[in-house]
Amino acid sequence: MLTKRIIPCLDIKEGRTVKGVNFIQLRDAGDPVELAKIYSDEGADELVFLDITATVDKRKTLVELVTKVAKAINIPFTVGGGISTVEDVKVLLNAGADKISINSAAVKNPGIINEMAREFGSQCIVVAIDTRNVDGIDFVHTHGGRTPTLLVTQKWAQEVCDRGAGEILLTSMDHDGTKSGFANEITAEISAMLSIPVIASGGAGNMAHFKDVFTFGKADAALAASIFHFKEIPIPELKKYLDKEGLPIRSQ
Amino acid sequence: MKVAVIKYNSGNVQSVLYALERLGAEAVLTDEVDEITKADKVIFPGQGEASTAMNYLKERNLDKLIPNLKQPFFGVCLGLQLLCSHSEENKTPCLGVFPVKVKKFLPESYAESKVPHVGWNNLFDLKSPLLKGLDDESFVYYVHSFYAELSEFTIAQTHYIKDFSALLHRDNFYAMQAHPEKSGLVGEKILSNFLKL
């Protein structure tokens, strides 16, 4: 049976993890490769690396990091942040990334999704959508959720799917950082509408939130950052819980 | 021992090379007929679209070479599909090592099953030395929209929408739909079993 995926997300700046991590077994708390290895050993199903390095010349560091991660771990991983051209994608995939994720670049130039999917196959193109509810309507936001757009989230999700995205990473900016649970309603709505998998992100605070997003939210995968980094929810415990709750979960 | 990894316009070859490196195997990425023929083992990775991949193989005469190779041969993902007789993906005639048809997943509704089949799913009904040491129900990582039907050459199955061939075996040819290079310890075990064949 196809299992629900648990995905820790690592924020990267200049080749180092930025959000604080609380792993006692880490020798170097800022080393993404070491952290990736631990998550992989603990049973994470996939990893996402989000590069928040602003400058172009620092991108080389990211490519070096991707190579190191690909050499060290044997589970799939996605790289996102600042990717806007076919060339950007090529460099990262050749370095060993399994998928890339694009966000603002797709909003600015939706045709880039078709171009990337044609060149590399849909399976490695993840489109990240940041959504925020404004007066009852869900609007796509860019630049880390700071910039509103006129795109209605549900319509945009359908469009990126039609253009050849392989997966959608849906982050609710209303829920992100609140630890009050995922945005199950909109996640379910989009998941039921689309033929491609939806990864839910934003709002994870306890183990039941994961169960809810997989059942009520109809998500195919759930992503979180700080609750994993700070060991508030250890991945083995979370997977044991979800398994007991009757959800299809990978055991190692 | 020398492992040839067949080079063609397929994504993600790098991950296969890294996985072999982790297992301490000496691997070379090549599309040279000579080098492939001389290798002790051949791995045929794959990701992409069937007809484009077949055209690429034809341009390099690899379509003639591959079915006649005698050493242990391992097709992965699209590599498995290309070893079959025909793929529904752009109605592509394939290499024909396995007389098996490749079809597209057709779910009853997308609310129930998405296509592609992405993520970790389990193997069952394992029967091959290639899968030695694995538990029934071992999980492997899949990303695909097309699948090989069950046949007498099926050595493990997976269920998604229906039961399909997770792995195939005929003579010196082995093939796996999931990605062993991305399937954690289970995938590592399968690759290491292959290297020992």
Side-chain angles (χ1 to χ4, degrees), chain A residues 1-7 40-41 43-46 66-77 89-90 92-99 117-126 161 166-168 188-199 218-221 248-252, chain B residues 9-23 46-49 52-53 77-78 89 105-107 109-122 124 135 137-145 158-161 178-191:
Chain A
M1 195 173 194
L2 182 64
T3 55
K4 300 290 186 186
R5 290 171 280 157
I6 302 292
I7 309 177
S40 162
D41 291 345
D45 296 305
E46 260 181 73
V66 168
T67 307
K68 277 190 222 158
V69 171
K71 284 187 178 190
I73 65 168
N74 52 16
I75 60 167
F77 68 97
V89 177
K90 190 181 233 161
L92 293 167
L93 293 179
N94 285 344
D98 296 286
K99 313 178 201 178
R118 211 179 309 125
E119 185 76 21
F120 308 105
S122 292
Q123 83 289 337
C124 60
I125 309 300
V126 180
C161 175
E167 276 179 284
I168 285 179
E189 196 185 334
I190 288 176
S191 183
M193 204 167 81
L194 302 184
S195 59
I196 56 174
V198 175
I199 305 164
K218 305 205 179 323
D220 299 282
I249 291 294
R250 174 179 73 118
S251 54
Q252 275 181 297
Chain B
N9 60 337
S10 137
N12 225 12
V13 176
Q14 202 54 52
S15 305
V16 174
L17 292 170
Y18 290 149
L20 292 169
E21 194 181 305
R22 284 193 292 271
L23 289 167
Q47 205 170 69
E49 188 273 324
T52 319
C77 194
L78 181 65
E89 191 171 20
F105 282 122
L106 290 175
S109 84
Y110 290 129
E112 295 307 316
S113 311
K114 308 297 178 72
V115 176
H117 172 217
V118 180
W120 297 82
N121 202 332
N122 62 288
F124 62 90
D135 296 336
E137 306 285 295
S138 289
F139 283 96
V140 287
Y141 186 78
Y142 283 99
V143 187
H144 64 131
S145 301
T158 289
H159 181 84
Y160 188 66
I161 301 172
H179 288 272
E181 77 280 10
K182 287 289 160 184
S183 294
L185 294 173
V186 171
E188 209 166 279
K189 182 79 192 151
I190 296 172
L191 279 175

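If you're wondering where the values come from, they're calculated on a predicted model, not measured in any experiment. Chain A is the first sequence line, chain B the second, and so forth, proteins listed ahead of strands; every chain is numbered from 1.
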For the pair A:Arg250 (side chain) and B:Val140 (backbone), establish whether a donor and an acceptor sit closer than 3.5 Å, ignoring hydrogens and angles.
no
Mind running side chain to side chain contact (heavy atoms under 4.5 Å, CB included) on B:Asn121 and B:His159 for me, showing each step along the way?
CA-CA 8 Å; B:Asn121 202 332; B:His159 181 84; 5.7 Å; no
Would you mind checking which part of B:Glu137 comes under 4.5 Å of any heavy atom in chain A, side chain (CB onward), backbone (N, CA, C, O), both or neither?
neither
Using modelled atom types and a 3.5 Å cut-off, is there a donor and acceptor pairing between side-chain atoms of A:Lys99 and backbone atoms of A:Phe77?
no
Just by distance, do the side chain of A:Asp220 and the backbone of A:Val198 share a donor-acceptor pair under 3.5 Å?
yes
If you tally heavy-atom pairs under 4.5 Å between each of B:Phe124, B:Tyr141, B:Tyr160 and chain A, the highest tally belongs to B:Tyr141
So what's closer than 4.5 Å to chain B heavy atoms on A:Ala97: side chain, backbone, both or neither?
backbone
Answer with yes or no after comparing the ring centroid distance for B:Phe139 and B:Trp120 against a 6.0 Å cut-off, counting only values under it.
no
Does any heavy atom of chain A fall under 4.5 Å from the side chain of B:His117, the backbone, both, or neither of them?
side chain
Without swapping roles, check the side chain of A:Ser191 against the backbone of A:Lys218 for a donor-acceptor pair under 3.5 Å.
yes
Note: vs chain B, highest number of non-hydrogen pairs under 4.5 angstrom among A:Ser195, A:Gly121, A:Pro248 is A:Ser195
Of the listed residues (B:Glu49, B:Lys114, B:His179), which shares the most heavy-atom pairs with chain A below a 4.5 Å separation?
B:Lys114
Residues B:Val186, B:Ser138; criterion side chain to side chain contact (heavy atoms under 4.5 Å, CB included); working and verdict:
CA-CA 7 Å; B:Val186 171; B:Ser138 289; 3.9 Å; yes
Counting heavy-atom pairs under 4.5 Å with chain B, the top scorer among A:Ser251, A:Ala192, A:Ala188, A:Pro76 is A:Pro76
At a 4.5 Å cut-off on heavy atoms, which part of B:Glu21 comes close to chain A: side chain, backbone, both, or neither?
side chain
Side chain, backbone, both or neither: which part of B:Val118 has an atom under 4.5 Å from a heavy atom of chain A?
both
Side chain, backbone, both or neither of A:Ser122 within contact of chain B (heavy atoms, under 4.5 Å):
neither
Could you tell me whether B:Phe105 and B:His144 have their ring centroids closer than 6.0 angstrom?
yes
Can you tell which of A:Glu167, A:Gln123, A:Met193 has the highest number of heavy-atom pairs within less than 4.5 Å of chain B?
A:Gln123
Are B:Glu188 and A:Asn74 linked by a side-chain donor-acceptor pair shorter than 3.5 Å?
yes
For chain B, which candidate among A:Leu93, A:Asp41, A:Thr67 shows the most heavy-atom pairs at distances under 4.5 Å?
A:Thr67
Test side chain to side chain contact (heavy atoms under 4.5 Å, CB included) applied to A:Ile168 and A:Ile196, step by step
CA-CA 7 Å; A:Ile168 285 179; A:Ile196 56 174; 3.9 Å; yes
Quick check on A:Ala221 against chain B: is it the side chain, the backbone, both or neither that has a heavy atom closer than 4.5 Å?
neither
Under 4.5 Å from any heavy atom of chain A, what part of B:Ser15 do you find: side chain, backbone, both or neither?
side chain
Is A:Arg5 in contact with chain B via its backbone, its side chain, both, or neither, using a 4.5 Å heavy-atom distance?
side chain
Heavy-atom distance under 4.5 Å to chain B: side chain of A:Ser40, backbone, both or neither?
neither
